[in-house]
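Report on the structure given below.
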Amino acid sequence: MTPSVGPSVGPSVGVVIPTRGDRPAQLREAVESALAQRHPGRLSVVVVADGAAPGDIEVPGPVRVLPNTLTPGLPGARNTGIAACDTDLVAFCDDDDVWLPGKLAAQTRALGERGGEFASCGIEVEYGHRRVPRLAGCDTVTADDLVRSRMVMVHSSTFLFERGALRVDESAPGGQNEDWDLALRAAARRPITHVDRPLVRVRWGGSHYVARWADRIAGLDWMLARHPELAVDPRGAARVYGQLAFGHAALGHRREAARWALRAMGTRVGEPRAPIALAVAAGLISAPAVLSALHRRGHGI
């Protein structure tokens, strides 16, 4: 990795923050948290307006605001931001998340020391008034790790990687799982360098994606087709099948929910998502109630 300025200065970093422009207060916090990073190299922030007029987006500081010129949606907005960067590294931050102090310094140092090209870090899940740290328990994440478990801490707002190494796949339906796909492809090239400290605050309460069940189902089908290895590991496969069961149950598709739940249980005895999905399909509990209970503990379905 060659620094863009002098040998004693860290690599330059371009921060890409996509937004729809519908949560200005959170966007401001996201931008401010990026600008506040103490980083020895050049730092630039690009906000990409997806479906909103750039002139309507108000952000603090020396920040460029650009329109999404590629596929409408999150993947296209991310790629628009990548293309606008002329930096050594690119980082993502969602417009409802916040970087904590030291995030960039810790990751760039880890990349330099370990010779990596893609980094993640631990997170702090915020839901309501609760904040729950989610750590990986390791300093390296492999493709096998991401097949076995989605590893929520390998979150898009933690990503820092060499510009030109990877782009987001814009074919992801509804923008679902584009970050998981990107992490899997990165880990297949070289293990991900992970800083196992909560350096990003991920806010789940305002996510645009959490209850878009049809999109979530399509995104999981897309991942299974794109990454056949997901069906090989019993633990990872059962998790995906259980998520599909839950998604269909949330939509009232009882037969499909039961089919995927049975497949999950047949793949791995004790997969917890299967009975939960069956309970939702039977009307014993609602999908929002399940998600709320899980989110309070820093977990998702």
Side-chain angles (χ1 to χ4, degrees), residues 120 122-123 125 127 132-138 141-156 172-174 176-184 187-188 192 194 202 204 207 209-301:
S120 59
I123 63 173
V125 175
Y127 183 73
V132 180
R134 296 295 308 275
L135 305 178
C138 61
V141 175
T142 67
D144 286 344
D145 293 331
L146 289 165
V147 166
R148 189 175 307 110
S149 168
R150 171 59 186 86
M151 301 191 70
V152 68
M153 69 292 301
V154 184
H155 183 280
S156 55
Q176 291 283 338
N177 292 319
E178 45 82 28
D179 52 348
W180 187 17
D181 168 72
L182 185 66
L184 272 168
I192 293 173
H194 183 76
V202 175
W204 277 359
S207 172
Y209 294 92
V210 66
R212 286 166 46 181
W213 296 112
D215 284 345
R216 293 184 71 171
I217 290 168
L220 289 169
D221 288 338
W222 178 77
M223 286 295 292
L224 288 172
R226 185 168 171 76
H227 296 279
E229 66 272 22
L230 292 175
V232 175
D233 184 282
R235 187 182 185 91
R239 179 179 55 81
V240 173
Y241 301 157
Q243 290 173 326
L244 284 165
F246 188 88
H248 282 290
L251 290 174
H253 303 162
R254 293 187 178 185
R255 183 169 296 182
E256 281 298 290
R259 182 171 73 86
W260 282 110
L262 290 172
R263 187 169 180 181
M265 290 186 289
T267 302
R268 175 180 174 244
V269 176
E271 167 54 46
R273 294 165 186 81
I276 293 173
L278 292 174
V280 171
L284 301 178
I285 189 171
S286 71
V290 171
L291 289 184
S292 180
L294 290 171
H295 288 175
R296 284 196 298 272
R297 293 163 176 78
H299 291 265
I301 193 65

Straight-line distance of L146 CG to D233 CG, nearest 0.5 Å
11.5 Å

Hits for side chain to side chain contact (heavy atoms under 4.5 Å, CB included) against L224, two or more places apart or cross-chain, chain-then-number order -> L230, V240, Y241, L244

Please list all pairs passing the salt bridge (charged side-chain N to carboxylate O under 4.0 Å, His left out) test where one or both residues lie in residues 246-264, with sequence neighbours left out.
E256-R259

Could you tell me which non-hydrogen atom of V141 sits nearest to which non-hydrogen atom of A187, and how far apart they are?
O-CB, 4.2 Å

Take I192 and M151 through the side-chain contact (heavy atoms from CB on, under 4.5 Å) test and state the conclusion after the steps.
CA-CA 12 Å; I192 293 173; M151 301 191 70; over 6 Å; no

Scanning both residues in full, the closest heavy-atom pair of R297 with V132 reads O-CG1, 3.6 Å

How long is the span from the CG atom in L184 to the CG atom in D145, to the nearest 0.5 Å?
10.5 Å

Check salt bridge (Lys or Arg N to Asp or Glu O under 4.0 Å) between R296 and all other residues, then give those that pass, not counting sequence neighbours.
none

Correct closest heavy-atom pair for V280 and A250 would be CG1-N, 4.1 Å

Could you state the interatomic distance from CD1 (I217) to CH2 (W260), rounded to the nearest 0.5 Å?
10.0 Å

Hey, are the side chains of R150 and D179 touching, using non-hydrogen atoms and a 4.5 Å cut-off?
yes

Tell me the closest heavy-atom pair linking A281 and A257, and the distance in Å.
CB-CB, 4.1 Å

Rounded to the nearest 0.5 Å, how far does CD of Q243 lie from CE of M223?
10.5 Å

How would you list, by chain and number, every residue that makes a ring-ring contact (aromatic ring centres under 6.0 Å, His included) with H253, sequence neighbours excluded?
H248

Nearest heavy-atom approach of W213 to G247 is CE3-CA, 3.8 Å

Can you list every pair that meets salt bridge (charged side-chain N to carboxylate O under 4.0 Å, His left out) and has a residue in residues 269-280, with sequence neighbours left out?
R268-E271, E271-R273

Non-neighbouring partners of D181 that pass salt bridge (Lys or Arg N to Asp or Glu O under 4.0 Å), sequence neighbours left out:
R185, R226

Taken to the nearest 0.5 Å, the spacing of L278 CG from M265 CE works out to 5.5 Å

So do H227 and N177 actually touch side chain to side chain, heavy atoms under 4.5 Å?
no

Distance check, rounded to the nearest 0.5 Å: F246 atom CZ versus L291 atom CG?
4.5 Å

So which heavy atom on H295 is nearest to which on W204, and how close?
CD2-CE3, 3.3 Å

Are side-chain heavy atoms of V232 and V147 found at a separation under 4.5 Å?
no

